[in-house]
Amino acid sequence: MNSDLLSQLSLEEKAKLMSGQDLWSTFPVERLGIPSIYMSDGPHGLRKVDPTVALGESVPATCFPTASAMASTWNADLIYKAGAAIGQECLRHDVQILLGPGVNIKRSPLGGRNFEYFSEDPLLAGILAASLILGLQSKGVGACVKHFAANNQEFERMIGNSIVDERTLREIYLTAFEIVVKEAQPYAIMAAYNQVNGIWASESRRLLTQILRDEWGYEGIVISDWGAVNHPEKALEAGLNLEMPDNPLSAPKIIKAVESGELAEEELDKMVSNLLNVVFKADANRQSKASFDIVEHHELSKEVAAESMVLLKNEDSLLPIQIEELSSIALIGNFAKHPRYQGAGSSRVNASRSESTFEALHELLPQHVQINYAEGYNNEADEVHMQLLSTAKEAAAKSDVAIVLVGLPDSFEAEGSDRSHMHLPKSHDSLVEEILKVQPNTVVVLINGSAVELPWADQCKAILESWLGGQASGAALAETLLGIRNPSGKLSETFPLKLEHNSSSLNFPGENRKVEYKERIYIGYRYYDTKKLPVMYPFGHGLSYTTFEYSNLAFSDQVVADDDTCRLSFFLKNTGNVRGKEVVQVYVSPPSAYVDRPDQKLAAFDKIELDPGATALVEFILEKRAFSYYDVDLEDWLIDSGSFEIRIGSSSRDIRLCKSLEIISEKAKPKKVYDRYSTVAELLEHPKGKAYVDKMMPLFGVDPDTVRAEDHDMRIILMSMPIVKRCNFSHGAYTEEMLDEFLKEVNAGE
């Protein structure tokens with residue numbers, strides 16, 4: 001059908017199809033029956049606005065928890081349900097493509113849109129995003145995954161140049177996109193504003209065509225971020241199908257490029273054809289009578305919010321609150337009555353309803369329990385309000401337990417700007433510190449979109465991370481505090497002790513329109529765990545009101561080839577008194593090798609629900625990518641032979657089971673080429689190297705056996721010495737010509 005349409009389209013019409021009709025819809029060609037489809041912001045709910053308005057009031061819709069909260073559920077099935085619900089609301093409001101989810105990696109805790117992104121780990125981000133997309137697209141509504149690629153900050157986001165080495169790009173910043181393409185085939189992918197290694201993301205043929213389509217098999221379209229295109233003809237040639245929003249300057253430039261021969265019309269036809277495939281598919285899925293159950297979606301939002309909550313600390317089993325033993329509760333914090341449940345910017349949803357923690361507790365608590373509420377702080381001010389603080393201390397002192405809600409206001413984390421520090425507002429930190437002086441039984445609830453520093457954590461008995469939990473977060477929090485729900489969330493990002501411990505801290509957000517990713521593959525727990533740095537709370541951490549026991553780790557085979565899969569199993573038992581869910585995490589630790597690799601990386605995970613005393617057999621299949629790294633010379637994923645440690649844990653720092661697995665790699669690393677400046681240590685890696693070194697040592701007046709066995713200092717010096725120095729120090733006994741002959745022999749093969 002598209003080939004027939006292409007032959008009937010004029011050059012001008014083809015060029016106009018390459019950009020939007022307005023802010024949110026595609027350009028139609030009515031004479032040929034080509035419809036216009038509508039796009040709307042997401043990603044945690046529908047934000048449909050008037051087509052002529054960018055950030056105006058949107059239609060009422062269910063506000064689900066933001067991505068940082070969704071990720072903390074570690075529950076792919078639940079996220080699928082949320083995606084399907086959002087898709088149903090899109091159908092109801094005649095939206096064909098939702099602009100989300102965002103899968104950019106949390107390189108720094110300071111990223112202004114971290115609340116919109118899933119994780120510091122690409123596997124977790126990719127799997128959960130794919131689930132959301134599959135749910136959304138099960139309703140016939142397309143997802144537009146963003147922001148491709150290496151878009152990890154808000155500072156200079158439209159002009160910045162992300163300088164990322166190839167291995168880091170592949171292992172960290174492209175992996176989540178690769179997973180969603182291969183697992184979910186989203187309708188669209190959004191090209192980012194920034195440059196990647198000096199080329200605008202929207203004009204990078206390597207990203208948009210060679211990697212995305214040729215390597216990964218992507219079948220959808222590429223849409224620009226709003227206003228990201230600088231040279232429409234170059235973007236089109238690189239693989240961009242649609243510039244958004246409407247840009248009256250683009251079509252004339254494309255037409256001129258075709259007429260001058262700078263751009264082949266065949267390239268234009270290919271991009272138009274791809275676009276029309278998606279336009280007709282999305283248009284065919286419209287449902288004029290679509291509806292949704294607003295109450296059902298609110299309850300689903302509450303379920304997601306409850307499962308996202310992470311119990312960070314719970315000394316003396318302060319939580320859940322035992323209401324039968326209490327007569328009063330101090331509920332402190334402006335957020336208790338005026339909840340912040342989503343971030344600021346293009347993702348802000350006009351929630352269909354909301355309920356506060358104050359309202360929810362009033363409904364749930366028996367009449368004999370009095371709530372002593374105090375505002376505690378002015379949420380629009382960083383400074384301490386002494387009268388509010390004094391009133392809050394009085395409420396806490398006269399109550400049996402205090403629940404203090406603190407976190408980050410909108411002004412601290414929002415699209416368009418990054419945070420400058422990881423602290424809570426001074427008014428929030430001071431409130432917690434003062435309450436702890438008068439009430440030892442204090443529960444602190446965090447309301448924030450990304451990691452924060454907690455200077456008072458050691459003095460506090462219980463801390464619950466509730467994130468930005470969507471419109472039902474107040475009720476979900478109340479039910480969790482009272483034990484109606486058992487927290488089962490796990491951190492999808494590390495909470496460092498302080499910002500300076502973060503590996504990107506010296507290079508974030510960059511300067512002079514350039515940000516260098518000098519920390520390379522070492523971000524998040526990959527850095528903290530390899531460096532053995534103490535952290536506030538590790539990646540994957542989260543407590544429960546019950547306990548779990550892990551046992552009997554077993555492999556199907558003790559030795560596997562690199563193209564085989566590894567099947568592993570173990571038992572998980574609920575050893576507590578209440579029903580609960582545990583997120584089991586599989587980490588792989590590589591063998592010591594010449595290639596620089598993190599101490600461990602997440603390879604698989606699952607969420608298991610068990611009754612008290614129940615036991616489940618948990619099984620995983622690990623494939624090649626769990627053990628491999630990206631080899632730049634080979635331009636492929638490679639496994640080095642050796643003994644890999646399989647670690648099963650409740651977090652990256654709470655490993656419960658551990659066992660070694662031998663892997664024999666069939667694919668050889670590209671042969672190393674030795675030159676005059678190769679070191680003695682490098683030469684010893686070659687089969688003929690030892691014999692050569694043994695001959696070399698006497699020329700320095702050294703017995704090789706003695707050096708290897710006893711003389712540690714001499715060994716260090718010699719191992720790091722370039723082999724050409726043998727000529728320098730041999731007083732003519734070993735010439736450069738002799739060295740060149742040896743190098744020919746070594747590099748010729750074994």
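Values below: every heavy atom of this structure, side chains too, minus hydrogens, waters and symmetry copies. Everything quoted here is computed from the prediction, not taken from an experiment.
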**Prompt:** Judged by modelled atom types alone, do Asp165 and Thr168 share a side-chain donor-acceptor pair under 3.5 Å?
**Reply:** yes
**Request:** Determine, for Lys531 against Asp529, whether the closest basic-nitrogen to carboxylate-oxygen distance falls under 4.0 angstrom.
**Result:** no
**Request:** Please confirm whether the backbone N or O of Val445 pairs with a side-chain atom of Ser466, one donor and one acceptor, at under 3.5 Å?
**Result:** no
**Prompt:** Is Lys182 atom NZ crowded by more than 12 heavy atoms from other residues, nucleotides or ligands, each under 6.0 Å away?
**Reply:** yes
**Asked** Can His421 and Phe412 be said to form a ring pair (Phe, Tyr, Trp, His ring centres under 6.0 Å), step by step?
**Response** CA-CA 9 Å; His421 57 75; Phe412 272 56; 5.8 Å; yes
**Prompt:** Any side-chain donor paired with an acceptor under 3.5 Å for Tyr527 and Asn502?
**Reply:** no
**Straight-line distance of Ile646 CD1 to Leu622 CG, nearest 0.5 Å** = 5.5 Å
**Item:** Presence of salt bridge, Glu171 and Arg526, under 4.0 angstrom
**Value:** no
**Message:** Can you confirm whether or not the ring centre of His44 sits under 6.0 Å from the ring centre of Phe115?
**Reply:** no
**Item:** Between Asn486 and Lys581, a side-chain donor and acceptor under 3.5 Å
**Value:** no
**Prompt:** Do the charged groups of Arg485 and Glu307 touch, with an N to O distance under 4.0 Å?
**Reply:** no
**Message:** Do Lys659 and Phe555 form a cation-pi contact, if we require the NZ or CZ to be under 6.0 Å from the six-membered ring centre and within 45 degrees of the ring's axis?
**Reply:** yes
**Item:** Criterion ring pair (Phe, Tyr, Trp, His ring centres under 6.0 Å) on Phe539 and Tyr528, from CA distance to verdict
**Value:** CA-CA 10 Å; Phe539 177 80; Tyr528 300 118; over 10 Å; no
**Request:** Quickly, which of Thr494, Leu312, Asp654, Val535 forms a side chain to side chain contact (heavy atoms under 4.5 Å, CB included) with His541? Name it, please.
**Result:** Leu312
**Request:** Report, as yes or no, whether the 6.0 Å neighbourhood of atom CG on Asp611 holds more than 12 heavy atoms from other residues, nucleotides or ligands.
**Result:** yes
**Prompt:** So, are Glu178 and Arg170 salt-bridged, with charged N and O less than 4.0 Å apart?
**Reply:** no
**Message:** Could you check whether atom CD of Gln558 has more than 12 heavy atoms from other residues, nucleotides or ligands sitting under 6.0 Å from it?
**Reply:** yes
**Request:** May I ask you to decide whether Arg579 forms a salt bridge with Glu609, counting only side-chain N to carboxylate O separations under 4.0 Å?
**Result:** yes
**Message:** Taking Arg520 first and then Asp596, would you say they form a salt bridge - that is, a charged N and a carboxylate O separated by under 4.0 Å?
**Reply:** yes
**Item:** Donor-acceptor pair, side chain of Gln585 and main chain of Gly540, under 3.5 angstrom
**Value:** yes
**Message:** Using a 6.0 Å distance limit plus a 45 degree cone around the ring axis, check whether Arg107 lies over the aromatic ring of Tyr517.
**Reply:** yes
**Request:** Step through the shown structure and confirm whether more than 12 heavy atoms of other residues, nucleotides or ligands are within 6.0 Å of NZ on Lys81.
**Result:** no
**Prompt:** Ser589 pairs by side chain to side chain donor-acceptor pair (under 3.5 Å) with which of Arg647, Lys601, Gln600?
**Reply:** Arg647
